[in-house]
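Below: one structure, written as structure tokens.
All heavy atoms count here, side chains included; hydrogens, waters and symmetry mates do not.
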Amino acid sequence: MKSKVSFVCQECGYDSPQWLGKCPECGMWNSLKEISHFVETSRDKQNSIGNINKNITPKRLSEIKFERKQRLLTGFSELDTVLGGGIVKGSAVLLAGDPGIGKSTLLLQLALNLASTSSQKTQNTQHIRKSDNQKLRQSGLLSFPSVPNVLYISGEESEEQVKLRADRINPSARSGSKTHSNLLLLSNTNTDLVCGIIVKVKPMLVIIDSIQTMESENVSGLSGSVGQVRYSAFQFIKIAKTFGIPIIMVGHVTKEGMVAGPMVLSHMVDTVLFLEGEKFTATRILRSLKNRFGPVDEVGIFAMEGVGVKELNSPEQLFLSKHNDKTISGSILSVTMEGTRAFLIEIQALVLSSKIPIPRRVASGIDYKRLELLLAVLQKHCNIPLSGMDVFVNVIGGIKLSDPATDLAICLAIISSFKNINLSQKVGIGEVGLLGELRKASSLEKRIKDARKLGFRDIISSDKFKTLKQVVNSLSNDPPSLKLRKGHASKLEKEAEGN
Ligand code: TYD
Ligand code: MG
């Protein structure tokens, strides 16, 4: 073995033999840091080539045994779905997200769930006869309990802090309970030491919180640098594969919205999960960005509460503001798809004449450029004079939309506010093209069905209209009672009714 020095970009992991001011891969300035690592000399290689020839032979496909049901259920059905049906034995999962979003809380709860079910499992299995036990083992149901422990490695918090959090989440579980004795905590940041402990304990699941705090003396650089993160992740993944112990690693995202050393970690692990949400709303969305053992378009919805995270199993109406004012303008519903799930969402817009030369356009929950584009389409193809107007668009519930099928609803919310028409009980589904045409949304039938199921019958989509202009014209043909005339028309109407 010989030590070798190379320069690695801290942003993208690009490896260069000499120092460069600018990374040729990602274009970042001053991001290359010196890292020394060991390389095999030609003699090492010769030895290892000999070893490979002696010990390792390829297997026939027919010889490889495939055990089913080797998945750990997490106790959160939402999380299980996102993972593709539970945690696969020997898999490495990266859970990424903003600091403070709830990664540690979610994982601690997962650990507590597993520790409590594993204590039940061991209790139950004591009564199972030996033959039954064998059957269960063959069916894969008992493929995990080497020792029914969950090992939680915290590099960020002390053991007392984690315990405090566990008490907050699950105040009923006493210190002496099985759950608590099955959950092993370790506050340490030394990768090599932690690896040794995992091998010794052989738990059913390991949680590393977080991978950026882990460091090793075998690699130069501070903890959190690409070299350290890459080394630590590699060591943990090696253990996961060798001993069949699943490992979940927490990764914080940097300012750029990537996991630190993202290129390095995301191709090393089997599954990349992303926990997202606004800090000041309780809703958290868990997505899988990569999954070797399941679909990548599933999402899980959670809510952050005072006593930990709760999963929301029927969140279809979560993103509505639930006002019942039938006279309000500037609000419309739409249906967005997240994976195979449809969510009803509310889009609000406020349009008013601007007092400044360049009017303001503020978009929250949708892409700002998308808003500009839709405003241009409205102006050009529907003759709506928006160039002197301030336009604000907001999606209720802190959800971020990238689904183009919500274009129509965004346009209609703007028209609703501009023309003072009430559309709040309508649902708009469709993509708007640059020529003002209405395109069919993906899985339109499912979206319509789900909206109907929740009681919304007035659905505007590409089924009925071909262009945005047709939609706008149809709105002006609505009975006048739906329109709000200038001033306090509705109030006057009510007064007239009273008389
Ligand atoms: P945490 O899991 O520490 O975030 P991360 O590990 O992603 O950095 O979550 C921290 C936030 O969650 C903190 O602002 C407090 C809040 N929280 C709750 O709302 N309820 C709880 O039960 C817990 C433990 C934390
Ligand atoms: Mg944390």
Item to check | Sub-4.5 Å side-chain heavy-atom contact between Leu286 and Phe76 | outcome: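 No, their side chains stay 4.5 Å or more apart.
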Next on the checklist: Counting C-beta onward and ignoring hydrogens, is there a side-chain heavy-atom pair between Ser266 and Leu289 closer than 4.5 Å?
Outcome noted: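 With C-beta onward as the side chain, the pair stays apart.
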Item to check | Within residues 235-245 or reaching into it, pairs that qualify as side-chain hydrogen bond (donor to acceptor under 3.5 Å, both in side chains) - sequence neighbours excluded | outcome: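 The answer is Lys241-Asp270.
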Checklist entry - Judged by atom type as modelled, is there a donor-acceptor pair below 3.5 Å linking the side chain of Glu276 to the main-chain atoms of Ile285? => result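 It does not hold such a pair.
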Item to check | Exam field: side chain Glu311 to backbone Glu78, donor-acceptor pair closer than 3.5 Å | outcome: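 Yes: the side chain of Glu311 pairs with the backbone of Glu78.
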Checklist entry - Listed by chain and number, what are the ring pair (Phe, Tyr, Trp, His ring centres under 6.0 Å) partners of Phe392, not counting sequence neighbours? => result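 Checked Phe392 against ring pair (Phe, Tyr, Trp, His ring centres under 6.0 Å); zero matches.
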Checklist entry - Once you round to the nearest 0.5 Å, how far does CD of Gln228 lie from OG1 of Thr189? => result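 Atom-to-atom, Gln228:CD and Thr189:OG1 are 9.5 Å apart.
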Checklist entry - Looking at residues at least two apart in the chain, or sitting in another chain, which of them share a side chain to side chain donor-acceptor pair (under 3.5 Å) with Ser288? => result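 Counting only residues at least two positions away or on another chain, Ser288 forms no side chain to side chain donor-acceptor pair (under 3.5 Å).
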Checklist entry - Hey, are Ser232 and Thr191 close enough side-chain-wise for a donor-acceptor pair under 3.5 Å? => result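 Short answer, yes.
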Checklist entry - Which atom pair, heavy atoms only, marks the closest approach of Ala111 to Leu183? => result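 The answer is CB-CD1, 3.6 Å.
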Checklist entry - Nearest heavy-atom pair of Ile245 and Pro203: which atoms, and what distance? => result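 Heavy atoms only, the tightest pair is CG2-O, 3.5 Å.
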Next on the checklist: I'd like to know if Lys163 pairs up with Glu157 as an ion pair, taking the criterion as any Lys NZ or Arg NE/NH1/NH2 lying under 4.0 Å from an Asp or Glu carboxylate oxygen.
Outcome noted: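 No, Lys163 and Glu157 are not salt-bridged.
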Checklist entry - Checking side chain to side chain donor-acceptor pair (under 3.5 Å) for the pair Arg447/Ser334: CA distance, chi angles, key distance, verdict? => result CA-CA 9 Å; Arg447 293 180 202 244; Ser334 187; over 6 Å; no
Next on the checklist: With side chain to side chain donor-acceptor pair (under 3.5 Å) as the criterion, how do Asp209 and Ser154 come out once you've worked through the C-alpha distance, each side chain's angles and the decisive distance to 0.1 Å?
Outcome noted: CA-CA 5 Å; Asp209 189 4; Ser154 180; 5.0 Å; no
